Every structure is written in structure tokens, then in C-alpha cells.
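Quick caveat, the model's predicted, so the values are computed rather than measured.
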Amino acid sequence: MGWEIGVDLGTRNVRMVLDGEGEALAQAAALAVRAGEETPLCAGDAAMALYGRECAGVEVCFPVSDGTLRNGEHARRMFQWLYSLSGDRSRSKRLRALVTCAPFARPVQQDALLQAALDAGAVEAALLRSDAAMAVGAGLDILAPEASLLVDVGAGKISATLFTRGLVAAYAYLPYGVLRIDERLARMLRTERGYLVGPKTAEDIKQSMAAADGGAGVGMRVAGLNLQTRLPEIFEVEPEMVARASESVIAEILGMAASVVDNAPEELAADLNDTACVLAGGGALLPGLDKRIGDHLGIPCRVADAPLACAGAGLKKIMENAPDYELLILEKMARTARH
């Protein structure tokens, strides 16, 4: 018996895969909630459009932060919304959900995520290593005896995993993602330039200007609040500031990836000259990051095709061949076991 629904619930994005259909949804992992009300005002991209523009009494929430569960109740509401979009499966009494989870999540966080999936209506749920779904979706044959290296550069988590024969040979992670660049950039604009910008503006600056190879020498004009005059103002952000906000994160990615290769058995590390290192996740699109990692590790490095969609593609393949990937399941829970 297989899984009817697969969910990749990330820090900023959520993807849903349905058995026999493939990816059915890819939207922002956001909920707009009003205090005291059970049903969210909206979810997904509609809720993300309100982020940073909330009215009094309304909050835009993200169930996952830094790759791990932040709020179980918000996760339950997110699963309910996803199940409602799954067609006839939402009315099934045997709905089984396969959910990705960061391997570094604590057991209590894993249990809470499973419980949220069950409370939303699933009869059974299982947690799959998120890096395994990413690797399979990126085209890596993690069941082969030859080693394959995936660097998952997400919004809330960054990890490097060396796979062989369906097992993890070496692993390292950073407990934050490329959203850290947004936070550092917003802080620098406030302390060095005297401007206050919202999280969405900081993210737009990063996506337009951040680069691992130094980036372009052209500034970007954005709107922010002048802290001295307390008035909105258009000002220019220089590439040098964006580079400074990005470089420390990039340096830590390089060190993390190197630690995985250094700790791997010699024969597996040697395989990487042929299988290469593959980047996935939204942060993989950072210009020049693949070259920086490849030069640092001394092996070929490439960005996966459609790096943002790797988790969904991997979930689809794993759901179709579930027994082959059983060793990468972190935990399972059935509704009858806890209710």
C-alpha cells in the first residue's frame, strides 16, 4: 500500500504531490490568520501577498522556521488546506501522507509534525529525509554504490549529504538558510544607512543583487523608511553592501560542504570526481555558487535542473518506489497509535 499524498513543507515554500498525478501544488508556505479564529483567512501565495502588509489583528505565519517545525497548530491548518485541495483523497478514510523533514529536527519536533499531519485528517504519516527527496529530484541515483553529493541550499536550512546504496555516508548542516542574508542585509541598512526595510524588500534585494562571484556593479533603488525623518524614501543599495551580507553565509556553506567530503571514506570521496556535487533548493540559483563550491572542493559541481522543484520531483519518484527508499524514512505514526 502506497502513499496517497506527499508534502514538502519548507520554510518559505510548500509542494504537494498526489499519487498517480505528480506535483499538484507549489505555493508559499504561508498562512494568514486572525486571532481567535480557527479557519485561516487565506493560505499559500494569497497569504504571502499580505506578508509585511498585515492589518491589525491579522498575522502571516510560517509553520516551519530554519528547517524545523515552529508551530504545530499552524502546521495542522496548513495540512488541512493541502488535503482540501487533493480532490477525492481528502474524503478518504485511508489517506496516508509522506512528509519531508529536516534530518536534524529533534524527535519532539518530528513527533509534532507527524501529529499535525494526522490531526489534519491523515490515518498514517511518515517523515522522509528532505535531503533524500531533493537528491532524487535532482537526478542523483542515491541507491547506487557510487557516492553522490547533494548540497541543499534552502531558505531555512542548508545541508550537504553524501549518499551511497540508499544510505547516508556523511552529513553536515547549517541551522539556517539563505534567509540569513536577508536578515543581515536589513540590519546593515538600518545600522549603516539609517533605513528600515521590510522582509519582502530585503528578499527582493538579495534575489536581484546577491552573488557568490561578487555580483554586478550596479546598485538597486528601493523604498524604505528613513529612521531620521520617519518618512518613506527611495534610496539606492550598493552591491558592496549586498556582497558583505552574503559572503559570511557563502563561506560557511563552503566549509560545511568541505567537512562532508573530508569525513567521507576515501573511496566514496573519490567517486565525486565522476558523480560531481549537485546543488538544489532556491539558494542554488545564487550566481557563481556552484563554481565557488566546485573550486573549494576540487570536484565538478553543477546546479540541478529546476532546483526549486527538486523536492516535489523526488517525492513523486519515491512515492512510486517506496520500498526502495524505506531506509530513508525517519519516523512513522498512525492515528490509531496516538488517538
Is any side-chain heavy atom of L85 less than 4.5 Å from a side-chain heavy atom of L25? yes

Output for pair (D204 CG, M220 CE), nearest 0.5 Å, gives 6.0 Å

Between the side chain of T164 and the main-chain N/O of P145, is any donor-acceptor distance below 3.5 Å?
-> yes

Is it the case that the ring center of F104 lies less than 6.0 angstrom away from the ring center of Y171?
no

Exercise. Taking the side chain as C-beta and beyond, is there a heavy-atom pair between E73 and E38 under 4.5 Å?
Worked result: yes

Taking every heavy atom of D19 against every heavy atom of M319, the minimum-distance pair comes out as N-CE, 3.9 Å

Heavy-atom nearest pair, A47 first then V60, reads O-CG2, 3.6 Å

- Item | Joint hydrophobic cluster, L18 plus V99, side-chain heavy atoms closer than 4.5 Å | yes

* **Shared hydrophobic cluster for M134 and V260 (ILVMFWY, side-chain gaps under 4.5 Å)** => no

Flag, side chain of Q109 to backbone of R106, donor-acceptor distance under 3.5 Å: yes

| Side-chain contact, heavy-atom cut-off 4.5 Å: L330 with L128? | no

field: Contact check, side chains of L162 and V168, non-hydrogen atoms, under 4.5 Å
entry: no

Separation between CE (M16) and CG (L82), nearest 0.5 Å, reads 5.5 Å

- Message: Do V123 and L95 make a side-chain contact, defined as non-hydrogen atoms from C-beta onward lying under 4.5 Å apart?
- Response: no

CG of L286 to CD1 of I181, rounded to nearest 0.5 Å, is 6.0 Å

(Q) Applying a strict under-4.5 Å side-chain criterion to I, L, V, M, F, W and Y, I'd like to know whether V14 and L179 cluster together. (A) no

Q) Can you find a heavy atom in the side chain of E146 that is under 4.5 Å from one in the side chain of D274? A) no

- May I have the step-by-step check of side-chain contact (heavy atoms from CB on, under 4.5 Å) for T11 and K157, ending in yes or no? CA-CA 8 Å; T11 298; K157 67 181 188 304; 5.9 Å; no

Cationic N near anionic O, under 4.0 Å, E320 to K317 | no

Review point. Can you find a pair of side-chain heavy atoms, one from L289 and one from V153, that are under 4.5 Å apart?
Key: yes

Can you list the steps and then say if R129 with T161 is a side-chain contact (heavy atoms from CB on, under 4.5 Å)?
CA-CA 11 Å; R129 290 183 64 111; T161 313; 4.1 Å; yes

Checklist line | Salt-bridge present (D290, R302; N to O < 4.0 Å) | finding: no

- [ ] Give a yes or no on whether a salt bridge exists between R34 and E54, defined as a side-chain N under 4.0 angstrom from a carboxylate O.
- [x] no

Checklist entry - Would you call E326 and K332 a salt bridge, using N to O less than 4.0 angstrom? => result yes

Here the pair of heavy atoms bringing L285 nearest to P307 is CD2-CG, 3.5 Å

Test: R180 and E183 ion pair at under 4.0 Å: yes

For the residue pair E59 / Y51, report whether a side-chain donor-acceptor contact shorter than 3.5 Å exists. no

Rounded to the nearest 0.5 Å, the CE atom of M333 sits from the CG atom of L113 at a distance of 9.5 Å

*For N273 and A270, indicate whether the former's side chain and the latter's backbone hold a donor-acceptor pair under 3.5 Å.*
yes

Review point. Under the side-chain contact (heavy atoms from CB on, under 4.5 Å) criterion, do C301 and L279 qualify, and how do the steps go?
Key: CA-CA 8 Å; C301 183; L279 307 186; 4.0 Å; yes

Notebook entry, point to check: Does the S130 side chain pair with the main chain of T100, one donor and one acceptor, at a distance under 3.5 Å?
Noted result: no

Output for pair (L297 CG, D262 CG), nearest 0.5 Å, gives 8.5 Å

Separation between CG (L9) and CE (M78), nearest 0.5 Å, reads 6.0 Å

Taking CD in E252 as the centre, count heavy atoms belonging to other residues, nucleotides or ligands within less than 6.0 Å. Is the count above 12?
yes

- Salt bridge check: are R96 and E124 linked by an N-O gap of less than 4.0 Å? yes

Closest heavy-atom pair, L150 versus D131, reported as atoms and distance to 0.1 Å, is CD2-O, 3.4 Å

Exercise for the section: For N321 and D324, indicate whether the former's side chain and the latter's backbone hold a donor-acceptor pair under 3.5 Å. Expected result: no

> Got P63 and N71 here, is their nearest side-chain heavy-atom distance under 4.5 Å?
Replying inline: no

ask   = Would you say the side-chain atoms of E331 pair up with the backbone N or O of L127, donor to acceptor, closer than 3.5 Å?
value = no

Is a side-chain donor or acceptor of R165 paired with a backbone partner of A147 at a separation under 3.5 angstrom?
-> no

F163 meets the ring-ring contact (aromatic ring centres under 6.0 Å, His included) criterion, sequence neighbours left out, with none

Inspect the contact between E23 and K316 and indicate whether a charged nitrogen and a carboxylate oxygen are less than 4.0 angstrom apart. no

TODO: Keeping the roles fixed (side chain from Y173, backbone from M256), state whether a donor-acceptor pair exists under 3.5 Å.
DONE: no

Please list, one pair per line, the donor and acceptor atoms closer than 3.5 Å that link side chains of residues 229-246 to other protein atoms, with sequence neighbours excluded.
residue, atom, partner, partner atom, Å
T229, OG1, L231, N, 3.3
E233, OE1, N226, ND2, 2.9
E233, OE2, Y195, OH, 2.5
E238, OE1, R193, NH1, 3.0
E238, OE2, R193, NH1, 3.4
E240, OE2, R244, NE, 2.4
R244, NH1, E192, OE2, 3.2
R244, NH2, E192, OE1, 2.8
S246, OG, V242, O, 2.8

ask   = Are Q80 and R76 linked by a side-chain donor-acceptor pair shorter than 3.5 Å?
value = yes

Between A160 and A257, the two heavy atoms sitting closest are CB-CA, 4.1 Å

**Message:** Grouping I, L, V, M, F, W and Y whenever their side-chain heavy atoms are under 4.5 Å apart, do L189 and V249 come out in a common cluster?
**Reply:** no

Are M48 and L31 joined in one hydrophobic group, where the rule is that I, L, V, M, F, W and Y side chains link up if heavy atoms are under 4.5 Å apart? no

Looking at T275 and D271, would you say the former's side chain and the latter's main chain have a donor-acceptor pair under 3.5 Å?
yes

Any chance you could lay out the side-chain contact (heavy atoms from CB on, under 4.5 Å) test for L41 and E37, step after step, and finish with the verdict? CA-CA 9 Å; L41 296 176; E37 295 186 5; 4.2 Å; yes

Is there a donor-acceptor contact under 3.5 Å from the side chain of S208 to the main chain of I205?
no

Query raised in the report: Step by step, would you call Y83 with E4 a side chain to side chain donor-acceptor pair (under 3.5 Å)?
Result: CA-CA 10 Å; Y83 295 169; E4 283 75 36; over 6 Å; no

Note: C277 and I293 closest approach over all heavy atoms is SG-CG2, 4.2 Å

